[in-house]
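The structure appears right after this line, and notes come after that.
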Amino acid sequence: MNYWLVKSEPFKYSWDHFVTEGEAVWDGIRNYQARNNLMSMKTDDLVLFYHSNEGKEIVGLAKVSKEFYPDPTTEEKGWVVVNLVPVAKFPKTVTLAEIKADRRLQDMLLIRNSRLSVIPVRLEEFDLIVAFAHEV
DNA sequence: GCCAACGTTGGC
DNA sequence: GCCAACGTTGGC
């Protein structure tokens with residue numbers, strides 16, 4: 001089991017929209033590193049859902065419902081999508097500021113490479129973020 | 001709205 | 001194969 005984080009601009013595709021639809025085709029990835037991460041995702045891997053630009057916070061948890069297949073939104077070869085389904089909205093969002101403030105999370109690619117939109121997350125980091133999301 | 005960081009493209 | 005120029009992302 002691996003853990004991931006995906007970014008979405010809420011203006012384009014928000015968590016609420018994701019929940020309403022019930023399943024998302026994660027299309028439009030045009031970056032090789034992000035693409036490689038998509039191709040490493042396995043069914044039932046857990047995925048943190050992050051709102052970029054507006055909010056800058058992790059809002060909920062999703063999981064992989066279908067492993068990678070060719071991106072239907074482009075003719076170009078080599079790009080792929082996965083399907084995601086919502087698991088749970090976090091009781092409390094975890095902001096980028098909180099993540100940056102925690103010494104244990106400094107190595108996250110979310111911070112180190114802010115432009116990458118599909119990011120692997122280590123188990124320790126994942127557990128910590130889930131714990132933050134449930135703090136009172 | 002600005003700009004830093006990063007990726008990609010193309011000239012040489 | 002190097003590197004300058006350009007485009008894009010996303011934090012501030």
Side-chain angles (χ1 to χ4, degrees):
Chain A
M1 164 89 74
N2 287 304
Y3 302 89
W4 308 93
L5 179 147
V6 294
K7 291 183 182 176
S8 182
E9 293 184 53
F11 175 71
K12 289 182 187 161
Y13 195 90
S14 68
W15 170 264
D16 287 343
H17 186 209
F18 179 39
V19 170
T20 302
E21 286 200 331
E23 183 165 31
V25 176
W26 211 256
D27 61 26
I29 299 298
R30 297 292 180 270
N31 168 285
Y32 289 108
Q33 210 180 337
R35 192 277 311 264
N36 291 344
N37 290 334
L38 282 184
M39 298 201 324
S40 300
M41 288 185 182
K42 300 294 180 192
T43 303
D44 293 336
D45 276 1
L46 294 172
V47 182
L48 299 166
F49 193 107
Y50 176 83
H51 278 169
S52 63
N53 285 314
E54 283 175 62
K56 285 168 287 176
E57 56 193 7
I58 300 169
V59 291
L61 187 61
K63 71 175 182 178
V64 178
S65 56
K66 188 173 180 191
E67 290 174 18
F68 77 91
Y69 55 97
D71 189 334
T73 66
T74 179
E75 296 290 309
E76 285 180 60
K77 294 287 177 191
W79 300 117
V80 302
V81 298
V82 297
N83 287 12
L84 300 177
V85 292
V87 172
K89 183 171 184 160
F90 281 160
K92 180 175 96 50
T93 61
V94 179
T95 64
L96 182 63
E98 281 179 78
I99 292 167
K100 282 190 164 177
D102 194 297
R103 192 170 38 79
R104 293 164 293 180
L105 296 175
Q106 291 312 296
D107 286 339
M108 285 189 74
L109 283 173
L110 180 66
I111 296 172
R112 297 231 319 271
N113 183 358
S114 67
R115 295 183 57 220
L116 186 61
S117 62
V118 181
I119 301 171
V121 177
R122 291 207 301 266
L123 177 59
E124 313 87 83
E125 296 163 345
F126 179 85
D127 284 346
L128 207 50
I129 287 166
V130 170
F132 286 172
H134 291 83
E135 276 176 7
V136 184

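Reminder, nothing fancy here: chain letters follow the sequence lines and each chain counts from 1.
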Identify every side-chain donor-acceptor pair in residues 109-121 of chain A under 3.5 Å, counting partners at least two apart or on other chains, and give the distances.
residue, atom, partner, partner atom, Å
A:R112, NH1, A:D107, O, 3.0
A:N113, OD1, A:R115, N, 3.3

Find out whether A:I58 and A:I99 are in side-chain contact, i.e. whether some heavy atom of one side chain is under 4.5 Å from a heavy atom of the other. yes
On the 0 to 90° scale, with breaks at 30° and 60°, tag the A:Y13-A:W26 ring pair as parallel, tilted or perpendicular. perpendicular
Polar pairs (N or O, both sides) under 3.5 Å between protein and nucleotides 10-12 of chain C?
residue, atom, partner, partner atom, Å
C:dG11, OP1, A:Y50, OH, 3.0
C:dG11, OP2, A:N53, N, 3.1
C:dC12, OP1, A:K100, NZ, 2.6

Atom pair distance, as rounded to whole Å: CD1 in A:I29 and C1' in B:dG7: 14 Å
Write down the distance between CZ (A:R35) and C1' (B:dG7), rounded to a whole number of angstrom. 14 Å
Once you round it to whole Å, what is the distance between C1' of C:dT9 and NZ of A:K12? 9 Å
Does any part of the side chain of A:D45, heavy atoms only, come nearer than 4.5 Å to the side chain of A:M1, both counted from C-beta? yes
Once you measure the plane-to-plane angle for A:H134 and A:F90, does it fall in the parallel (<30°), tilted (30-60°) or perpendicular (>60°) bin? perpendicular
Side-chain donor-acceptor pairs under 3.5 Å in residues 78-85 of chain A, sequence neighbours left out?
residue, atom, partner, partner atom, Å
A:W79, NE1, A:E76, OE1, 3.4
A:N83, OD1, A:Y69, OH, 2.5
A:N83, ND2, A:E23, OE2, 3.4

Rounded distance in Å - CG (A:N31) to P (B:dG7): 7 Å
What contact category does A:R112 fall into here, base, sugar-phosphate, or nothing, at under 4.0 angstrom with non-hydrogen atoms? sugar-phosphate
